[in-house]
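Numbered from 1 within each chain, the chains take letters A, B, ... in sequence-line order.
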Number of protein chains: 2
Amino acid sequence: MDLASFYHDQLFRDCLPFWFPRAVDEEHGGFLHCFDRNGSLVDSDKSVWAQGRMSWMLLTLYLENDRKPEWLEWAEGGLRFLEGKCVDASDGRMYFHVARDGTPIRKRRYAFSESFAAIAHAAHARATGSCESAGKARHWFERFTDWNFTPGRIPPKFTGARPMEGLGPRMIALVTAQELRKHLGEDAILTGWIDRCLDEIRRLFVKPELKVVMESVAPDGSIVDHFDGRLLNPGHAIEAAWFILDEAAYRNDAALVGLGCEMLDWMWARGWDQEFGGLFYFRDLYGKPVQEYWQDMKFWWPHDEGLIATLMAHRMTGEPRYLAMHEKLREWSFARFGDPEDGEWFGYLRRDGIPTSSLKGSLWKSFFHHPRALWRCHQLAPE
Amino acid sequence: MDLASFYHDQLFRDCLPFWFPRAVDEEHGGFLHCFDRNGSLVDSDKSVWAQGRMSWMLLTLYLENDRKPEWLEWAEGGLRFLEGKCVDASDGRMYFHVARDGTPIRKRRYAFSESFAAIAHAAHARATGSCESAGKARHWFERFTDWNFTPGRIPPKFTGARPMEGLGPRMIALVTAQELRKHLGEDAILTGWIDRCLDEIRRLFVKPELKVVMESVAPDGSIVDHFDGRLLNPGHAIEAAWFILDEAAYRNDAALVGLGCEMLDWMWARGWDQEFGGLFYFRDLYGKPVQEYWQDMKFWWPHDEGLIATLMAHRMTGEPRYLAMHEKLREWSFARFGDPEDGEWFGYLRRDGIPTSSLKGSLWKSFFHHPRALWRCHQLAPE
């Protein structure tokens, strides 16, 4: 089977049938997603991230693969649940975790629920021509950037003595703006955010002299030489790398191709486990011990992001070594995360590749990273 | 070597020399504790918990083992750092994490720093006769209980839709009051807290019909059937079991002996890994998958607490099976957490017993659980 067919097959025969129609909550709307290995429901609670992410993924397949009416219908159910049940009317922010019927359980200091709502609405606007959805996409993007980038807006977790900036909000703002531009068209606001994020990632987090992409830095980009400041997240940086390669393709910009490939190369070198294979979750900048005790585990999503990044780097540069990296990662990942019996991927492996949990879905894992990777890799696979 | 000598040897030849005098910060006062395997400093930051815990442990050895002047001196350095650098003057609460020079880095929603300060001051009052230290012990105990038990005092992490109560504040209030009583003498306030905690633990968290000690319950003690509510922490419950056995010994109360032994038996049955040995960190009440991806790891402190609990259960009941459990746990633990080369224990093992980190100290691990277990087991070992 060629690579494009492999990914098509994995998406439509292994992954999607695990989630649908099982995840559709006919009673309360939105998506259930805390499923055990065989698809039995382990918790009826709902992640607000998952509501936006799953709606977006269904709409992406609707737009790019096949206009199946049920995909649109299910996605619209997710969007209705998001708008009807997941917003705190007192401040207009979204919750993080709600009960099956939408009773709010938790709102977090930080705000990413809004970014996933924004991309889902944008894809819905494209799919249906709805001006209302386009407006909601812009609204949630504005709320997301306001909350994450206005100094002082997020209640501080730490004192002001050792301020740090994170890669996370910048990479999510970047990909969210890219997604809105794709569906709503280019405009100065979106381009402004994309330019700003590219600039800040390159200027603050990318360190050619250390061949590293930092996860957190001081506001001037300098290294904070403590556990938290030295902490590297190779999967996150590799995901950011393909967001940048996407922008390189859009702009036909060779310098951005170089930046994205360097980020991938450096973090692959730091993240790949030479002994057992797979990508470590955390590493220390200077090779010192990491404080997080589970730092050597292998999570599903960095492997999904690595599959996209390596294939995209191959597409952009033609260098065969990226295809070799892709094959190495693909072989390692599908053999260990995959579950030929019940489909979908397990989420978490010990360093040596043994799953630590039979869960296929949780408050963190839903129908998002894995199907996104399968779909992107299907599209990117060389002829 | 007999058991008492084994533990004496481990404490004074393996554990204590790893930490001292290395941990004493001659420059800024207090204790450094983020050490790698061989004792090299990996981070100069300081845990406020560790300042109180290490002072208390040194004072306990000073009171109960040998009046070495340097142990008192080092402990007093820890107490000065605690009082001088770790208190937020704006609200009288303690920080959680400070820089080496005491610059505050983080204060948490919850407040356990105060409980460890309280026991350290109480032991200091006993060691020196200082009325000032006795007053400080009472002050920090009052701050701890006020913060943890006054409804609405702790800023909520969750909405009010699904309220839960935790075992943690009750077991820490219990042991803190016991420690203050030991050093400052019995009084109605301390006895009141001990009675209240015993009552709440038994009434809300102990479930004979399920043979389990819950970690979190609804305010009326009912089970919250979601990931968080079903989550069991066997090490925590086994630690609470020996706090209760300690009270049983103090009161000469057979019903409390029964309660403590049942808690130990049930949570040993649920926590012991039949396949690889050792105590799992988390389990699910109904055997469903746990959401925490590192749930099957083996942490050092539940094993230290298990060593105390099994030996204390043997002392109180004379049942040989508790000595057999102790031996099984001791053999498993020292062979895997121990480091014959550089001393002290590693903190974190994969399920199969391989360390995931070379750290001996961190913001979470200092000179506390392990030396406390070694000292208590030395005292409890059968003739």
- Message: Any heavy-atom pair between the side chains of A:T356 and B:R350 that's under 4.5 Å?
- Response: no
- Query: Checking A:L363 against chain B: side chain, backbone, both or neither under 4.5 Å from a heavy atom?
  - Reply: both
- Query: Out of B:Y348, B:Y286, B:W364, which one racks up the most heavy-atom pairs below 4.5 Å with chain A?
  - Reply: B:Y348
- Greatest number of non-hydrogen atom pairs under 4.5 angstrom with chain B, of A:D45, A:D296, A:D284, falls to A:D45
- Query: Taking A:K365, A:K288, A:M297 one by one, which has the highest count of heavy-atom pairs under 4.5 Å against chain B?
  - Reply: A:M297
- Minimum heavy-atom distance B:V42-A:R230, with the two atoms named: O-NH2, 2.9 Å
- Item | Qualifying residue, where the test is ring pair (Phe, Tyr, Trp, His ring centres under 6.0 Å) with A:Y293 and the options are B:Y281, B:W300, B:Y293, B:W294 | B:W294
- Query: Is B:D43 reaching over with its side chain to a backbone N or O of A:F227, donor-acceptor style, under 3.5 angstrom?
  - Reply: yes
- Task: Go through A:D225, A:L359, A:I105, A:T103 and name the one with the most non-hydrogen pairs under 4.5 angstrom from chain B.
- Result: A:I105
- Note on the structure: Turns out that what part of B:L349 lies under 4.5 Å from chain A's heavy atoms comes down to neither
- What part of A:D352 lies closer than 4.5 angstrom to a heavy atom of chain B: side chain, backbone, both or neither? both
- Task: Considering non-hydrogen atoms only, spot the tightest contact between B:V290 and A:S357 and give its length.
- Result: O-OG, 4.0 Å
- Heavy atoms of B:T159 and A:R106 approach each other most closely as CG2-N, 4.1 Å
- Query: What part of B:F96 lies closer than 4.5 angstrom to a heavy atom of chain A: side chain, backbone, both or neither?
  - Reply: neither
- Does B:Q291 offer a backbone N or O that forms a donor-acceptor pair with the side chain of A:S362 under 3.5 Å? no
- Can you tell me how far OH of A:Y95 sits from CZ of B:F158, rounded to the nearest 0.5 angstrom? 14.0 Å
- Note on the structure: On a heavy-atom basis, the closest approach of A:A161 and B:P104 is CB-O, 3.4 Å
- Note on the structure: Among B:R162, B:Q295, B:K107, B:H97, the residue with the most heavy-atom pairs under 4.5 Å to chain A is B:R162
